[in-house]
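Chain A is the first sequence line, chain B the second, and so forth, proteins listed ahead of strands; every chain is numbered from 1.
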Amino acid sequence: MNSTKTTGAEAVMKSLVAEGVDTIFGYPGGAIMPIYDALYDYVSTVNHVLVRHEQGAIHAAQGYARTSKKTGVVFATSGPGATNLITGLADALIDSTPLVCITGQVASHLLGTDAFQETDVVGISMPITKWNCQVTKAEDIPAAIAKAFYIAQSGRPGPVLIDITKDAQFEEMDFQYEKCTHIRSYRGRPRINKAHLEEAASLINNAQKPFLLIGQGIMLSNAEKELVEFVEKSGIPVASTLLGLGAFPNEHPQYVGFLGMHGDYAPNIKTNECDVLIAIGMRFDDRVTGDVSRYATQAKVVHIDIDAAELNKIIPADVGVHADAKEALTLLLDLVQEKQHTAWLQEFKDAKIVEEETLAENAKELHSDELKMDEVIKMLSEVTNGEAVVVTDVGQHQMMTARYYQYNKTKSNVTSGGLGTMGFALPAAIGAKIGVPDKPVVAIIGDGGFQMTLQELGTILQSDVDLKIIILNNRFLGMVRQWQQMFFEKRYSFTNMVSPDFVALAKSYSIEATKVEARADLKESLLEMLNHKGAYLLEVMVAKEENVFPMIPTGASVSEVRLN
Amino acid sequence: MEKTYTVSVFTENSIGMMNRVTIIFTRRHLNIDSITASESEVKGVFRYTIVLRTTRDQVDKVVKQLEKVIDVLKAFVHEESEIVHQEIAMYKMRTESLTNGDVEKVIRKHHARILTVDPTFMVIEKTGHVEETQLLLENLQPYGVLEFVRSGRVAITKPMKELRSYLEEL
Ligand SMILES: Cc1ncc(C[n+]2csc(CCOP(=O)(O)OP(=O)(O)O)c2C)c(N)n1
Ligand SMILES: [Mg+2]
């Protein structure tokens, strides 16, 4: 490539363009002004989304990355701009989301002097980034950005942060860009050990009651097609983690449900009844396992993951396969025998009936005229045919959505899983819509979480984002209230929520909005929202004290999952 | 069961490496007994030697987490029997304490050496295992030790492929 004289700030823009970046979420400030100045020359080719808070920028970039398969890019200034990214970095690391965050930093001669808006963001973000670095010379910018994209996207994806001093942004350099394809201390793609896969296949082929657990790793490695082929050939029932929802069509006859604390009854109890447990692209989070000492101890465990540190971290694997999910599934497909496990699959179906009957009984205890969260989600699922991109916040509404939305499309579920970040959904949904503008995107948010990042309504207004927002208003921090009811003698310590008039609030941002309370109006309201051109907020008043069941209380085993 | 383990970590020479290595331990509430760092036999590759007491399971997990750090080339864990290790200790005492013949005997008995003698103070050096340098300290204390310093452990491992062969694989 020809080299040309550019400033460090221009080099940032040129490097991003060389990486194919066309969308940036950000917020300007003193230490990143040269980069924003360089950005001004790219407004016709690069879409910069001006958010209302840097946390909004990074969550939007996460939503963008999770739906579009591209790396999310964030700009923020030094000091408070950079520290506002922290929650999002932690969230993206634990949920394996590829991000490149660029922060401005004070001039290098001021480093360590407590200069205005100087924060040691590299130090602060070290444990919550896959990699980070500080650049103090313009000439180092292209290589740092190339390395950042390579690291963010390869292997188990994650967030990367580059902190660039203001003098490096101003400095002139000869621009040349070379993509990074190798770092000697880092291997993105593991060399698969075929012997391990053969052992796995032999366990699978000899199993009477095999059970497959899938996580987001399936989608991150684009292994959806291989998964379906493997599942259909082997006849194994499939359950999903929270982040894995959508990786396998929920309507598939071998799909048996959602795992974990508020997951379905059947996959939880069957975990402790199967003889071979196969886990792919998931990490046995404690919300999935319950008490690990009583988790699948009867089963032989096959664990396939791209992150070697996940193997044997929580659940000892009889066969641990360090591999990319797609590669492993492709090879496994040839090794497994064609089988059907009809009787075993039927056991899941029977357990599902038990769950449905008990939950229906539970529902009778609540005032029947009040709308319930699950009704809203089931109706939404029906009217969108399970094909919308659904973004959820954290709490009861999140678990209800995970339980009752029929995710039939991959990359259609965006939620904060590992970190459980309230306030994630609204900005993440903005990013999701920008990532997949042709798909309908619906954010489902609690009355509490909405108020954590509602300033991003301003972003929707300014960037004209066609996003549908449902607030499930139970006038409570519902999930915490449920725990208070169950484990703290109903002492509702600071969980009641007083909220503003959400409809009036949305309208003040020129966002069309309505509130629905009656069951009879629900379907109509949802359709009106979905058919509306442009952003729309629908506030749904739901029962105040509905509980999410099934539930595995903390410390209990998966087989002790409670239905009421 | 808790035991003493020595972890050897080979890294690129990038800023903040020490921090990246140690936060892996602190996050798991593991206390590092000693840590040393220097360039290895391969130019540009740094070697950290970390000693800690913990369980095998925990230290194995830590090694995997260390290898996840982008600039870490390779990490190994060793039990005491698998390494040859040393620490260096220095002791500062008043020169006049030498006039008491017993100090000379202590130095001889411990095979320690005197590095420097100044009109007012002298510096004694001893390399060995912690127990040895500690015993010397205790033996010298009755005569007045002004300052004492001990390095972290440096360790050479007995069973190990050469670092170069790992680097070639990478
Ligand atoms: C930033 C943050 N603070 C606190 C919590 C703890 N928390 C988890 S769920 C929840 C209640 C959420 O209430 P709301 O948004 O109304 O949703 P609901 O459970 O009522 O559906 C709280 C406070 C959290 N997950 N994230
Ligand atoms: Mg609520």
Side-chain angles (χ1 to χ4, degrees), chain A residues 90 93-94 96 108 111-112 120-137 140 143-144 147-148 150-152 154-163 180 182-188 190-191 283 292 305-317 320 322, chain B residues 7-30 32 37 39-48 54-77 161-170:
Chain A
L93 184 70
I94 201 162
S96 316
S108 52
L111 288 170
D120 175 12
V121 67
V122 171
I124 297 173
S125 65
M126 213 172 256
I128 49 171
T129 49
K130 186 172 172 188
W131 179 70
N132 68 10
C133 75
Q134 187 171 62
V135 178
T136 57
K137 289 197 215 82
D140 295 338
K147 195 170 167 186
Y150 177 61
I151 292 170
S154 57
R156 178 176 176 177
V160 164
L161 182 140
I162 305 178
D163 194 36
C180 175
H182 176 77
I183 297 170
R184 78 168 170 171
S185 60
Y186 166 76
R187 176 176 293 281
R191 286 197 205 105
R283 59 184 178 83
V292 287
D305 204 280
I306 198 162
D307 180 354
E310 291 301 343
L311 303 175
N312 296 311
K313 186 182 83 174
I314 307 288
I315 301 297
H322 181 207
Chain B
V7 178
S8 304
V9 190
F10 294 89
T11 77
E12 300 288 4
N13 177 20
S14 53
I15 289 188
M17 237 13 253
M18 175 74 99
N19 212 354
R20 290 183 204 276
V21 168
T22 54
I23 55 179
I24 303 285
F25 293 85
T26 46
R27 175 165 172 209
R28 288 163 184 80
H29 202 83
L30 292 170
I32 291 174
E39 194 164 282
S40 71
E41 71 273 21
V42 180
K43 202 169 156 36
V45 173
F46 270 63
R47 176 176 188 149
Y48 290 74
T54 186
T55 60
R56 182 79 207 193
D57 181 53
Q58 184 70 268
V59 77
D60 283 341
K61 285 178 186 171
V62 161
V63 164
K64 284 189 180 177
Q65 295 294 336
L66 285 166
E67 291 197 329
K68 259 178 89 162
V69 176
I70 302 290
D71 284 341
V72 167
L73 291 150
K74 197 78 195 154
F76 305 90
V77 59
K161 276 208 255 181
E162 262 187 68
L163 176 61
R164 278 181 205 282
S165 69
Y166 277 108
L167 289 180
E168 274 155 23
E169 280 173 32
L170 297 170

Review point. Is the CZ atom of B/Arg27 crowded by more than 12 outside heavy atoms at less than 6.0 Å?
Key: no
Check your understanding: How about B/Lys64: does its NZ atom have over 12 heavy atoms from other parts shown lying under 6.0 Å from it?
Key -> yes
Exercise for review: Mind checking the CG-CD1 spacing from B/Asp71 to A/Ile183? Nearest 0.5 Å is all I need.
Suggested key: 8.0 Å
Review point. Just by modelled atom types, is the A/Asp307 backbone N or O under 3.5 Å from a matching donor or acceptor in the B/Lys68 side chain?
Key: no
Study note, to complete from the structure: What one should report as the nearest heavy-atom pair of A/Ala309 and B/Gln65 is CB-NE2, 3.7 Å
Practice item. Measure distances from B/Ile23 to the heavy atoms of chain A and classify the residue's part below 4.5 Å as side chain, backbone, both or neither. Key: side chain
Review point. Given that the side chain runs from C-beta out, which part of A/Lys147 has a heavy atom under 4.5 Å from chain B: side chain, backbone, both or neither?
Key: side chain
Check your understanding: Which heavy atom in A/Lys313 sits nearest to a heavy atom in B/Lys61, and how many Å separate them?
Key -> O-NZ, 2.7 Å
Revision key, fill the gap. When the 4.5 angstrom heavy-atom criterion is applied to B/Val45 and chain A, the contacting part is side chain
Practice item. Return the option, out of B/Ile70, B/Val63, B/Ile15, B/Ile24, with the maximum number of heavy-atom pairs under 4.5 Å with chain A. Key: B/Ile70
Review point. Rounded to the nearest 0.5 Å, how far apart are CG of A/Asp120 and CG of B/Asn19?
Key: 8.5 Å
Point to revise | B/Val69 and A/Met126: CA distance, side-chain angles, deciding distance, side chain to side chain contact (heavy atoms under 4.5 Å, CB included) verdict | key: CA-CA 10 Å; B/Val69 176; A/Met126 213 172 256; over 6 Å; no
